[in-house]
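Notes to accompany the following structure.
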Amino acid sequence: MKTLSLVVAVMSSALFLSGCNQANSSSNSDTAEVVAIPVEAALARPGEISSSYHTNTTLAARAETDVISKSSGIVEQVLVEEGDYVKAGQLLAVLENERQRFMLAKEQAELSRLDSELKRMAEMYQRQLISTDVYEKLRWQHDAVKAAVDLAELSVRETEIRAPIAGVVSRRYVKVGELISQMAPQSLFHLVANSELEAVVHIPEQQLAQAKAGQAAILRFSGMLPVQANISRISPVVDAQSGTVRTTLIIDNKKGELRPGMFAQVELKFDVKTDALLVPKRAIITIDNQHSVYVVDSEDKVSRKTVHLGYSADNTVEILDGITTGEQVVVAGQGALKEQSLVKVVTTREF
């Protein structure tokens, strides 16, 4: 009797435990079905994107020069200061030129005497009153004195220091009363032509097929609005060590807002697509050079789709094929996903 009661108790316990296990299993199964992984998503949309290359550069003047003196003398006047804009040929400084002016006056007087004598001799020569030899020697003497006058005039002009180019006086080295030596390497002024600046960038040879003279570039400076530039020339030679090509940009600076030596971030725009299919860069998953995205369907499940990429910008990338406009792609939370995972889109990001 006791044995029968024990058997019944054991069977009852077994049935109870089995029921509990089935209940727990059912509960766990229900929980697994309803748990969704939170993600952030964005809608693939059409938009504008460009093929571009980003680099840095430093602005430089297209023309600059040191002004030296071709004459010796003491500085009598300084007519410009640093920061002044000067035109080509404008007077910058004057040396004492009293000696040169006296020499010029002497040669001019001699030339005037020979002019009168040559005029009289010409009349006599036509009447055959003097020989050809006498007349020719007088003409040669006249020509020599005329050349001496030209040299004297040049000496006077060289005491006037003039600007060889138009630009801004970036440095003034000369002072009134200073003795200047002829053709010495001593610079009197430094001029910078900053109405048009240039910048040199080195682009990879992979971009060489897209780069052409005249293409637009955008220069960005700290605390300033972006500035437009253009490719002026491209070197025909690739640097074998760096694998880059020297490219020169021209920047219009007629307003004078930019200065040589300024640091700039450069964006070279090679091509622009106005109706490309775009997604955020964060949506792209790259493994072994294969690109893919997770797409959320109408049942809030994800599928992984292989995509081919086109142009790339700072935060967006062009999709050539693999998805279509309006599809929802996961941009955050991809690490916890697998094929057909159930997700909950907590945020749809704008980009």
Practice item. Determine whether more than 12 heavy atoms belonging to other residues, nucleotides or ligands lie under 6.0 Å from atom CD of Gln228. Key: yes
Report all side-chain donor-acceptor pairs from residues 145-170 shorter than 3.5 Å, counting only partners two or more places apart or in another chain.
residue	atom	partner	partner atom	Å
Ser155	OG	Leu151	O	3.1
Thr159	OG1	Asn97	ND2	3.2
Thr159	OG1	Val156	O	2.5
Glu160	OE1	Arg162	NH2	3.0
Arg162	NH1	Gly89	O	3.0
Ser170	OG	His190	O	3.0

Practice item. Please name all residues satisfying side-chain contact (heavy atoms from CB on, under 4.5 Å) with Ser303, sequence neighbours left out, ordered by chain then number. Key: Val295, Lys305, Glu339, Gln340
Check your understanding: Taking the side chain from Asp288 and the backbone from Gln290, do they hold a donor-acceptor pair closer than 3.5 Å?
Key -> no
Point to revise | Glu82 bridged to Arg172 by N-O distance under 4.0 Å | key: no
Practice item. Apply side-chain contact (heavy atoms from CB on, under 4.5 Å) to Glu117 and list each qualifying residue two or more places apart in sequence or on a separate chain. Key: Arg113, Leu114, Arg120, Met121, Leu138
**Study point:** Any side-chain heavy-atom pair of Thr57 and Thr55 under 4.5 Å
**Key:** no
Review point. Which heavy atom of Ala199 sits nearest a heavy atom of Leu59, and at what distance?
Key: CB-CD2, 4.0 Å
Point to revise | In one Ile/Leu/Val/Met/Phe/Trp/Tyr side-chain cluster, 4.5 Å: Leu278, Ile284 | key: no
Check your understanding: In chain order, what residues pass the side chain to side chain donor-acceptor pair (under 3.5 Å) check against Gln108, with sequence neighbours excluded?
Key -> none
**Study point:** Single-linkage hydrophobic cluster, 4.5 Å side-chain cutoff, Val329 and Leu309 together
**Key:** yes
Point to revise | Val86 vs Leu191, side chain to side chain contact (heavy atoms under 4.5 Å, CB included): CA-CA, chis, key distance, verdict | key: CA-CA 9 Å; Val86 297; Leu191 303 183; 4.2 Å; yes
Check your understanding: Is there any ring-ring contact (aromatic ring centres under 6.0 Å, His included) pair reaching into residues 93-118, and which pairs are they, with sequence neighbours excluded?
Key -> none
Review point. How far does CG of Leu188 sit from OH of Tyr173, to the nearest 0.5 angstrom?
Key: 10.5 Å
Check your understanding: Just wondering, are more than 12 heavy atoms of other shown residues or ligands nearer than 6.0 Å to NZ in Lys273?
Key -> yes
Review point. Is the closest side-chain heavy-atom distance between Ile203 and Thr244 below 4.5 Å?
Key: no
**Study point:** Gap separating the OG1 atom of Thr286 from the NZ atom of Lys281, nearest 0.5 angstrom
**Key:** 10.5 Å
Review point. Given Lys119 and Asp115, is the salt bridge (Lys or Arg N to Asp or Glu O under 4.0 Å) satisfied, shown in steps?
Key: CA-CA 6 Å; Lys119 187 179 295 184; Asp115 280 338; over 6 Å; no
**Study point:** Side chains of Arg304 and Ile285 in contact at under 4.5 Å (non-hydrogen atoms)
**Key:** yes
**Study point:** Backbone N/O of Asp239 and side chain of Glu205: donor-acceptor pair under 3.5 Å
**Key:** no
Review point. So, do Met103 and Glu98 sit near enough that their side-chain heavy atoms are less than 4.5 Å apart?
Key: no
Check your understanding: Any salt bridge (Lys or Arg N to Asp or Glu O under 4.0 Å) pairs touching residues 262-271, not counting sequence neighbours?
Key -> Arg220-Glu267
Point to revise | Minimum heavy-atom distance between Ser232 and Ala213, given as atom pair plus value | key: O-CB, 3.8 Å
Practice item. List the atom of Leu111, the atom of His142, and the distance in Å for their closest heavy-atom pair. Key: CD1-NE2, 3.6 Å
Exercise for review: Kindly state each residue pair satisfying salt bridge (Lys or Arg N to Asp or Glu O under 4.0 Å) with at least one member in residues 222-235, sequence neighbours excluded.
Suggested key: Glu198-Arg233
Point to revise | Shortest non-hydrogen contact from Val39 toward Gly333 | key: CG1-O, 4.2 Å
Revision key, fill the gap. dist Tyr311:OH -> Thr316:OG1 (nearest 0.5 Å) comes out at 13.5 Å
Practice item. Please answer: with hydrophobic residues joined when any side-chain heavy atoms are less than 4.5 Å apart, are Ile218 and Phe221 in the same cluster? Key: no
Practice item. Under the side-chain contact (heavy atoms from CB on, under 4.5 Å) rule, collect the residues that match up with Leu43, sequence neighbours excluded. Key: Gln328, Thr348
Exercise for review: Could you go through the side chain to side chain contact (heavy atoms under 4.5 Å, CB included) check for Ile231 and Thr247 one step at a time?
Suggested key: CA-CA 7 Å; Ile231 295 178; Thr247 303; 3.7 Å; yes
Practice item. Please answer: with hydrophobic residues joined when any side-chain heavy atoms are less than 4.5 Å apart, are Val296 and Leu342 in the same cluster? Key: no
Review point. Just how far is it from atom CD of Glu40 to atom OG1 of Thr347, taken to the nearest 0.5 Å?
Key: 5.0 Å
Review point. Does Gln207 reach the side chain of Phe270, with side-chain heavy atoms less than 4.5 Å apart?
Key: yes
Revision key, fill the gap. Between Ala276 and Ile49, the two heavy atoms sitting closest are CB-CG2, 3.8 Å
For residues 67-78, please give each side-chain donor-acceptor pair under 3.5 Å, one per line with the distance, not counting sequence neighbours.
residue	atom	partner	partner atom	Å
Ser69	OG	Ser71	N	3.1
Ser69	OG	Ser71	O	2.6
Ser72	OG	Gln182	N	2.7

Exercise for review: Using side-chain contact (heavy atoms from CB on, under 4.5 Å) as the criterion, list what pairs up with Val200, not counting sequence neighbours.
Suggested key: His202, Arg246, Thr248
Check your understanding: Hey, any chance Leu208 and Leu268 share a hydrophobic cluster, counting ILVMFWY side chains that come within less than 4.5 Å of each other, even indirectly?
Key -> yes
Point to revise | Check: Val237 main-chain N/O paired with Ser235 side-chain donor or acceptor under 3.5 Å | key: yes
Check your understanding: Roughly how far, to the nearest 0.5 Å, is CD of Gln215 from OG of Ser52?
Key -> 11.5 Å
Exercise for review: Taking the side chain as every heavy atom from C-beta outward, state whether Ile180 and Val174 have any pair of such atoms under 4.5 Å apart.
Suggested key: yes
Review point. Looking at residues at least two apart in the chain, or sitting in another chain, which of them share a ring pair (Phe, Tyr, Trp, His ring centres under 6.0 Å) with Tyr135?
Key: Tyr125
Practice item. Please examine the side chains of Val293 and Val330, heavy atoms only from C-beta on, and report whether any two atoms are closer than 4.5 Å. Key: no
Exercise for review: For Glu64 and Val192, indicate whether the former's side chain and the latter's backbone hold a donor-acceptor pair under 3.5 Å.
Suggested key: no
Check your understanding: With a cut-off of 6.0 Å (strictly less than), are more than 12 heavy atoms of other residues, nucleotides or ligands near CG of Leu225?
Key -> no
Exercise for review: Might you point out which heavy atoms bring Ala44 and Val279 nearest each other, and give the distance in Å?
Suggested key: CB-CG1, 3.7 Å
Check your understanding: Hey, does the side chain of Asn253 reach the backbone of Leu258 with a donor-acceptor pair shorter than 3.5 angstrom?
Key -> yes
Exercise for review: Give a yes-or-no answer on whether the side chains of Ser51 and Gln210 include a donor-acceptor pair shorter than 3.5 Å.
Suggested key: yes
Review point. Looking at residues at least two apart in the chain, or sitting in another chain, which of them share a side chain to side chain donor-acceptor pair (under 3.5 Å) with Ser187?
Key: Asp66
Check your understanding: Just how far is it from atom CD1 of Ile37 to atom CG of Asp300, taken to the nearest 0.5 Å?
Key -> 12.0 Å
**Study point:** Non-hydrogen side-chain atoms of Glu178 and Gln186 separated by less than 4.5 Å
**Key:** yes
